[in-house]
Amino acid sequence: MPESFYICTAIDYTNGAPHIGHAYEKVLADVIARYRRLKGEDVFFLTGVDQHGQKVQQSAEQAGISPEKFVAQNTAKFVALWKKLDIRYDGWAATIEPQHKKCVQKILARLHDEGQLYKASQGGHYSVRQEQFLTDKERGPDGEFGPEWGKVEYREEENYYFKLARHKEWLLGLLDKDDDLITPAFRRAELRNAVAKLSGDLCVSRPKARLSWGIEFPFDPEFVTYVWFDALVNYISFAPGGYDPTRSTINDQPSTFREWWPATIVIGKDILIPAHGIYWMIMLHALGFLDDEMPRLVVHGWWNISGAKMSKSLGNVVDPDKLADSYGAEALRYYLMADISTTGKDAEFSEERLIVRYNTELANSLGNLLNRTINMAQRYRDGVLRKVAVEHAALARLAERVPEICSRYSEAMVAFQVDAALREALALAGQCNLLVESMAPWKLAKNPAETDLLDAVLYHLAEAVRIIAILVAPVLPEAAKGIFVQLNCAAELSLGQTDWGRLLDGHRLGTARPLFPRIETAPAGRG
Ligand code: MSP
């Protein structure tokens, strides 16, 4: 039985259009999912959109349209972009779907019945303009609430609270014993510090008078669900097999759900604390999930622009749609995977670097290798490979290096370090290009005594290119297919095919076609 791998991303807010941060996270999860499929695992990749909440309600009001229409318009932009970027997901989580609403409502009803939710009245500073309660974090350096909040008044409000704090010791214990729960480890340490300071419960409702665009409480129609409590549930409400909130243990859940769960959830650093690391873990624990049934969180860093956060107000938002139009989806996918380290640190987005890396690594190194391999085989051997036994140190080194590269590549992919995995694949291309220079096949072709050596060189190059195509396939699915077409390989791209020597004696290569034409234009600038 193949292993099952359930991978999810955060679901994106639909109060605007997708930006480069959203695109990065989807490509990252897509690459991991494709890698697992390449390995032969059964994969279910869930992504989607977060459609409720105050921001959507306010933006829809400003736009003079209903929230339904507003989220439909924005959701369409996300769907179109994922298609353009070749994001191959299996499930689509949209939080306005009845299936999701029912799941959230059943969870609320169950927690309420079990005494894990209670109603209480609390007072605080409320911004009438922003329609939200303010905390001390919102105070300026002078201790006052700034003009952006408009009129601030003291208000008492009744709400429902989820008993969060009672699970603090459990969560600390879990973080201490489970090393794999949060990747990278330094994020686990940050989370642990935050949990140690946890006090108070979580307000999970909003009075309808203040927020109507949300999931109604099943036992109190005066309230809707707080958007995080709603959104986090997507990972189970849209899980393969379907989660049934009325059943308290996992053993009672549908068997398909049990096969896929727990999920691997890919999120940005900003939504680890408190949303995923505290609320979500505790919600699951409260629902009866056991410690080894907790999801694994993969936390990535952020893309910044000239050292600053990307934001609409700074006018520095990078539009992935335009970049894909200018440079192609695969160039963008490659850049996003190669230029940030998935050990969780932030990176600097630069269109110049996108162009430089594409030209150096894809056009010059990999593209050129493919091109010259096929062209030389066509010119000197009418495209037919011969598998001959020739002893030659440089050729032996190349063949010997492949298993090492493949195993380091897989280690990196399993650890979500796509940048490191790509470096392995590109290192192989680099070694092949050096081999071409040192062996100079054009000289060998002139010397009849070197016939076998020339055949061996051409075979080694073609075989290495075949393996590189498999390794880059998760990031560059179209290019990988293109390489296979040019090599005239009918086999499916699969990690099980990376062992050396699969191209047969007498194999006829296809025709060369530039796969990564150089980008000659200057950066168009962000839009
Ligand atoms: N809707 C919530 C998530 C709910 S999950 C149950 C949300 N949405 S978001 O649209 O603001 O962000 C979606 C994802 O994009 C988050 O994981 C976030 O970290 C990521 N990114 C947003 N900006 C980013 C960058 N500039 N760089 C990289 N990723 C970033 O939060």
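Numbers for residues simply follow the sequence, beginning at 1. Both backbone and side-chain heavy atoms feed into the values below; hydrogens, waters and symmetry mates do not. In listed order, ligands and their atoms are each counted from 1.
When the heavy-atom distances from atom 23 (N) of ligand 1 to K269, H52, H19, H276 are ranked, the shortest goes to H19.
Within the 6.0 Å centre-distance limit, the rings of W261 and F257 are counted as a close aromatic pair. When ring centroids are compared, F229 and Y279 stay outside the 6.0 Å threshold. Two rings, from Y13 and H52, have their centers 6.0 Å or more apart. Annotation: Y161 is not in aromatic contact with Y226 [ring centroid separation under 6.0 Å not met].
Of all atoms in ligand 1, listed by their number and element, those nearer than 4.0 Å to a heavy atom of D50 are 1 (N), 2 (C), 4 (C). Close contacts between ligand 1 and D270 involve ligand atoms 18 (C), 19 (O) [criterion: under 4.0 Å to a heavy atom]. Heavy-atom proximity to G268, at under 4.0 Å, picks out these atoms of ligand 1: 17 (O), 19 (O). Close contacts of ligand 1 with G301, meaning ligand atoms under 4.0 Å from a residue heavy atom, involve 28 (C). The distance from ligand 1 to the heavy atoms of A231 drops below 4.0 Å at these ligand atoms: 6 (C).
Residue contacts with ligand 1: Y235 is included, with a non-hydrogen atom under 4.0 Å away. Remark: distances from the non-hydrogen atoms of H300 to ligand 1 include one below 4.0 Å. Using a 4.0 angstrom heavy-atom cutoff, W228 counts as in contact with ligand 1.
For atom 11 (O) of ligand 1, the nearest protein heavy atom (residue, atom name, distance) is Y13 CD1, 3.2 Å.
Going from atom CE of M413 over to atom CD1 of I32 covers 6.0 Å, rounded to the nearest 0.5 Å.
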